Amino acid sequence: MPGPVLNKTIVAVHGIGDQNRFATSQQVLTQFARYHDRAGRAVPLGQFHNDDNCCKLSFHYRPGKDDKQPKQPLTVNLTFAEGYWADIPREMVKEGFLLEDARRWARTIVERYHLRSQAENSARHNQEGVLATCKLAVQGEAPGNITREKIEQVLTEMLQTLVVLDKIFFLAGKLKLFTFDLNKLLLDFLDDVQVVAEFQTRRNRILNAFSMQMEKAYEANPQADIYIIAHSEGTVVSLFGLLEAAHKNNNERPKWLERVRGYMTIGSPIDKHIELWPEIFTRYENENDPPQYRPAEKDKIEWRNYYDFGDPVGFELDEARRRIDKKWGCSQIFNFKDDDDYGFARYSLPGKAHNDYWTDDAVFGHFIQNVVYKYDSEKPSPPEEKDYSKGPGNKPWKKIISHFFPYAGALAVLFCAVLMIYKAVFDYTGPGFPLNRSNLLRVTAVTLLLAGLTFVTRIVRLTKPGFWWLIGFGGFVLSATSYRLLLGQGAVLDHQPGILNPGLVGTASVVVIFSLLAGLLFPSWGMRTLLYPGFVAVLTVIGEHLLKGADRTSLGSIVQHLQNSAGTTSLWSVVLTTALFFFLWWLVALVFDLVFVWHRYIRYSVKNLKGGSPSFSENPPPA
């Protein structure tokens, strides 16, 4: 007697970039194979290229003796299809002169956001009165001009860092170390988002393509329940496709919609789109034109969202849930509660986390077990000794690595920069600089002081007055104290402090003061507010050491002293090493900006960049 048969159709919707057709479906198929304990199942892309544009697989499940499943074998027929839309944005890129420059376009987003914030603040002012508005201003929530300036500063610092990193990656590629085209990745992301959010005619083409591909997937197995698995910008495309289909009347509504039972979004920027482009969702907020699709309670679409805290694109979709209930009238269509939004720290590298979902068995296993097979009385259990009934949890060591590794790496680079400048100067002046305990301690002390100086000046640049400023100045005091404890009263190059030479701590304090003043007077200078006073201070300290004991009454006597002081290296080596030192210091400061912005404004989801009310909350992030 044949056992029960389950029919499931899985439609994968890809995200940004140059996507190979069916590559996303292939990744999804691999995860289903792993869930069914068929890890060796390998399906080439060619098997998807057929009349149905899908790949069909069957798993025959035989329960074990301790299994609660029926004793007869269970057959699971899975059809894997894809919602492919990458060809439409790529057409625009190939045509050229259609898309706005990505960086210029990003700044127009900030300006439009600022105008909308001003309108909201004005409305709030009129509605709640002057006193309420002033209270919000004190809390850091109201003034739109402060919000805009801070966002612009954050974007400027990030763009500067990304430009430098792109050049470093280019150089690494030329040296055959590794290849990573950061600029292309960023432009692909911004271009794809631009097409979906700004170009209505192209967006309509993408939605038509999505609907046609869903129709083909339905026709390939009309009896199968359909489950959509969408990644990145593909979550926006698929949500639009579902909303459009739900608004059609009974005669025009596509048949595939009535078979959709589950919806999985990973690394989703839906809330970002709602916040930055609210106008493209107004179509679904018309009370006179509510969704026509009203499925039974058991046929509601089970929506689950998954996002890693290190993913700059994916976030919790709390605003989408609110609009499902309050504005879109879709509470009868989607089952998407607060507990269905799963955030975690599972991946080591920020940024790369956006693509790490594809290899995470726990994420896919949870959706498969709790959604795909939710209503099946006969269903395959996950592989032996695995249970995905609970949502994917944190991996503490991954969280620690992803949070502290970038800072530790930047500190290591700064240590190398200080070591180089020490060795170059002391090799030139004669005694040399052996790597013994005393010298390494000296380099460590100076590195900590320089790190504290960099920390406080960049924190003040990237945040508003409040908690983080106290942390910044406290960090500088701690670094200066560490320097004193490690080296006593000595200056950076064994030069004793005096009236004209305040020592390295005093010099660092002067740099901090001038940097902060420059930031207030010339906010557009960016990183130069740190590097200009730092450049003068470091040259002064090095010059004092090189000219120690020299007759400074004439230029000739100074030149003669430098010639007589030459040791194992030339003066040019000191000059070049100093230039390299400043480049590395600049790079460390830029990387710190990028990492801090990442954690402060993205990973911990400050509302302006995540979606929500237009305010920069300055509460400290969770420990």
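Quick caveat: nothing in here was measured; it's all calculated off a predicted structure. Position 1 is the first residue of the sequence; numbering continues from there.
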[X] side chain vs [Y] backbone, donor-acceptor pair below 3.5 Å:
| X | Y | answer |
| --- | --- | --- |
| Thr30 | Gln26 | yes |
| His14 | Trp85 | yes |
| Asn335 | Lys300 | no |
| Asn204 | Thr201 | no |
| Asn394 | Ala345 | yes |
| Trp256 | Glu219 | no |
| Gln332 | Pro295 | yes |
| Asp52 | Cys54 | no |
| Gln292 | Pro290 | yes |
| Glu316 | Asp341 | no |

Using the salt bridge (charged side-chain N to carboxylate O under 4.0 Å, His left out) criterion, which residues pair with [X]? Sequence neighbours excluded.
| X | result |
| --- | --- |
| Asp338 | Arg321 |
| Glu258 | Arg253 |
| Glu285 | Arg323 |
| Asp325 | none |

Is the NZ atom of Lys374 crowded by more than 12 outside heavy atoms at less than 6.0 Å?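 For Lys374, atom NZ is crowded (more than 12 foreign heavy atoms under 6.0 Å).
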
task = Answer yes or no: does atom CG of Asp51 have more than 12 heavy-atom neighbours from other residues, nucleotides or ligands under 6.0 Å?
result =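 No, the 6.0 Å shell around CG holds no more than 12 heavy atoms from other groups.
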
Roughly how far, to the nearest 0.5 Å, is the [atom2] atom of [Y] from the [atom1] atom of [X]?
| X | Y | atom1 | atom2 | value |
| --- | --- | --- | --- | --- |
| Ile229 | Arg304 | CD1 | CZ | 13.0 Å |
| Asp271 | His273 | CG | NE2 | 11.0 Å |
| Leu257 | Ser211 | CG | OG | 9.5 Å |
| Ile270 | Glu233 | CD1 | CD | 9.5 Å |
| Ile226 | Tyr218 | CD1 | OH | 8.0 Å |
| Arg259 | Gln223 | CZ | CD | 6.5 Å |

Parallel, tilted or perpendicular, as decided by the 30° and 60° cut-offs, for the rings of [Y] and [X]:
| X | Y | value |
| --- | --- | --- |
| Tyr306 | Phe367 | perpendicular |
| Tyr373 | His36 | perpendicular |
| Phe334 | Tyr263 | tilted |
| Phe22 | Phe48 | parallel |

* For residues 356-367, pull every pair meeting salt bridge (charged side-chain N to carboxylate O under 4.0 Å, His left out), keeping only residues two or more places apart or in separate chains. =>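 As it turns out, the salt bridge (charged side-chain N to carboxylate O under 4.0 Å, His left out) pairs with a partner in residues 356-367, which skip direct neighbours, are Arg34-Asp361, Arg346-Asp360, Lys352-Asp356, Asp361-Lys386.
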
Below 4.5 Å, heavy atoms only, C-beta onward: do [X] and [Y] meet side chain to side chain?
| X | Y | value |
| --- | --- | --- |
| Tyr388 | Ile368 | no |
| Pro291 | Leu243 | no |
| His354 | His231 | yes |
| Arg21 | Asp87 | yes |
| Trp328 | Ile333 | no |
| Trp358 | Thr24 | yes |
| Ile206 | Arg203 | no |
| Val76 | Phe32 | no |

Discussion item. Just by distance, no angles: are the side chains of Tyr284 and Glu244 close enough, under 3.5 Å, to form a donor-acceptor pair?
Written reply: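 Yes, a side-chain donor-acceptor pair sits under 3.5 Å.
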
Original post:
Can you tell me if Asp225 and Tyr375 form a side-chain donor-acceptor pair at under 3.5 Å?
Top reply: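 The answer is no; no qualifying pair exists.
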
Is the distance from the ring center of Phe315 to that of Tyr307 below 6.0 Å?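 No.
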
Output field: ring centroids Phe240/Phe210 closer than 6.0 Å:
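Not close enough - the centres of the two rings lie 6.0 Å or further apart.
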
Check your understanding: Of all heavy-atom pairs between Glu319 and Ile274, which one has the smallest distance, and what is that distance?
Key ->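 Of all heavy-atom pairs spanning Glu319 and Ile274, the closest is CG-CG2, 3.7 Å.
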
Acceptor/donor pairs from residues 5-13 side chains to any protein atom, 3.5 angstrom cut, sequence neighbours excluded:
from	atom 1	to	atom 2	distance (Å)
Asn7	OD1	Asn77	ND2	3.3
Lys8	NZ	Tyr227	OH	3.2
Lys8	NZ	Val372	O	2.9
Lys8	NZ	Asp376	OD2	2.8

For a ring-ring contact (aromatic ring centres under 6.0 Å, His included) with Tyr357, tell me which candidate from Tyr342, Phe364, Tyr347 qualifies.
->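 The single option meeting the ring-ring contact (aromatic ring centres under 6.0 Å, His included) with Tyr357 is Tyr347.
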
Test side-chain hydrogen bond (donor to acceptor under 3.5 Å, both in side chains) on Thr235 and Thr265; report intermediate values, then the result. CA-CA 6 Å; Thr235 65; Thr265 53; over 6 Å; no

